[in-house]
Amino acid sequence: RRGYLDAAREALPRHFPAVASFCSLQESVAFIARAKARPRAVEMQAAARAGTTLRCCPCVWRGGHSSAATRVAAANVAGSHASPGVAAKQRGAAIRATSSFESSSQPATTTVTVVDEYRPCVGVCIVNSEGLVFAATRVDDVKNTWQMPQGGIDEGEEPQEAALREVMEETGISSLRIIGEVDEWLTYDFSTKVRARMHGGWERFKGQEQKWFLAYFYGNDSEINLDTDHKEFKTWKWAKLEDLPGSVIEFKREVYEAVAESFVPVIAKLKADGQLK
């Protein structure tokens, strides 16, 4: 037993620092005993390099986190000091924990996975002097549905800043002034087909949580340029906002209906008062 203790003190800090931080000495001894019976150092090191789950004590650690409770507590503390966009992302976080038992010779395992249910982002309804709004079709949309500019909120960025940045990046428009917003955040879920094509971290999102702004475009149409560094759209037009819910992709329809309900009366009043000039 003394030999196992010495081996644990020497091997764990060097090969498994995260494990050594969270596992008790008794569990470490049990691990070393199993390792002596069936050496797994090479297997563990390969798994660590690949970023996969390492099984050691009677628990499974991923990314150096100890439990669902720890992850929830950390998210709550961070959320209390986060910016609106980041806080929205953390509010959408959910924890899924699953347990499995492999055999009588293997310890019970618990895998902790963090799922950010909704990605925080912004949407922008751009209205011109005629009371029409900007709509475009995405380069990857074979159905040629119409939508308004939208995009994610960068870390430390305020939603209004993100709105102006996204419009510039997607359309080239800079002659823009924010004149209104929808009070609540609007959410939609990705369709099954869309989720099946997601990769690069997007697959953890169930959908998007959007803050919508109404922005007045006081420039000329010649300012609009879809050939940006990261091209999002292939065609564009000016349209009536009340017509867009019927032209957008189906899983965004309810959000567009809410945006139209909020902004159509505002646009009509601004136009009647001569403020769209």
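All values derive from a computational prediction rather than experimental measurement.
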Measure the OG-CG distance between S262 and D183 for me, rounded to the nearest 0.5 Å. 7.5 Å
Are Y256 and W212 an aromatic pair, judged by ring center distance below 6.0 Å? yes
Check whether any side-chain N or O of Y118 sits under 3.5 Å from a backbone N or O of D189 as a donor-acceptor pair, and report yes or no. no
Donor on one side chain, acceptor on other, T145 and D141, under 3.5 Å: yes
Is it the case that more than 12 heavy atoms not belonging to Q275 sit under 6.0 Å from its CD atom? yes
K231 side chain to L226 backbone, donor-acceptor under 3.5 Å: no
If you count every heavy atom of other residues, nucleotides or ligands that lies below 6.0 Å from K234 atom NZ, does the total exceed 12? yes
So, taking the atom named CD1 in I224 and the one named CD1 in I173, what distance separates them when rounded to the nearest 0.5 Å? 4.5 Å
Closest contact, heavy atoms only, C121 versus W185: O-CZ3, 3.7 Å
With a 4.5 Å limit on heavy-atom distance, are the side chains of V127 and F263 in contact? no
Value for CG (L270) from OG (S129), rounded to nearest 0.5 Å, stands at 12.5 Å
List the atom of S174, the atom of Y218, and the distance in Å for their closest heavy-atom pair. O-OH, 4.4 Å
Over 12 foreign heavy atoms within 6.0 Å of CG, N220: no
Nearest 0.5 Å, what's the CD1-CG distance between I126 and L132? 13.0 Å
Let me check something: do W146 and V139 share a hydrophobic cluster, defined by ILVMFWY side-chain heavy atoms less than 4.5 Å apart, either directly or through other members? no
With under 30° as parallel and over 60° as perpendicular, where do the rings of Y188 and F190 fit, or are they tilted in between? perpendicular
d(K252 NZ, L244 CG) to nearest 0.5 Å is 12.0 Å
Determine the minimum heavy-atom distance between L176 and A215, stating which atoms define it. CG-CB, 3.6 Å
Expected output: side-chain E223 to main-chain S175 donor-acceptor under 3.5 Å: yes
Looking at side-chain heavy atoms only, is the closest gap between L241 and M148 below 4.5 Å? yes
Rounded to the nearest 0.5 Å, what separates atom CD in Q150 from atom SG in C125? 13.0 Å
Decide if atom NZ of K237 counts as having more than 12 heavy atoms of other residues, nucleotides or ligands within a radius under 6.0 Å. yes
Considering non-hydrogen atoms only, spot the tightest contact between A260 and P265 and give its length. O-CD, 4.0 Å
State plainly whether one hydrophobic cluster holds both V124 and M168, where clusters connect Ile, Leu, Val, Met, Phe, Trp and Tyr through side-chain heavy atoms under 4.5 angstrom apart. no
Test salt bridge (charged side-chain N to carboxylate O under 4.0 Å, His left out), reference K211, set E157, E158, E181, E166, output is E181
Between R138 and E232 (side chain of the first, backbone of the second, donor and acceptor by atom type, cut-off under 3.5 Å), is there such a pair? no
Derivation of the salt bridge (charged side-chain N to carboxylate O under 4.0 Å, His left out) call for E161 and R165: CA-CA 6 Å; E161 296 173 343; R165 174 184 54 77; over 6 Å; no
If you take all heavy atoms of P149 and V167, which pair is closest and at what distance? CB-CG2, 4.3 Å
Please check if the number of heavy atoms outside E257 that lie under 6.0 Å from its CD is greater than 12. yes
What are the two closest heavy atoms between L186 and A258, and how far apart are they? CD1-CB, 3.9 Å
May I ask you to test the I267-L214 pair for a side-chain heavy-atom distance under 4.5 Å? yes
Please work out whether the ring planes of W236 and F134 are parallel, tilted or perpendicular, with thresholds of 30° and 60°. parallel
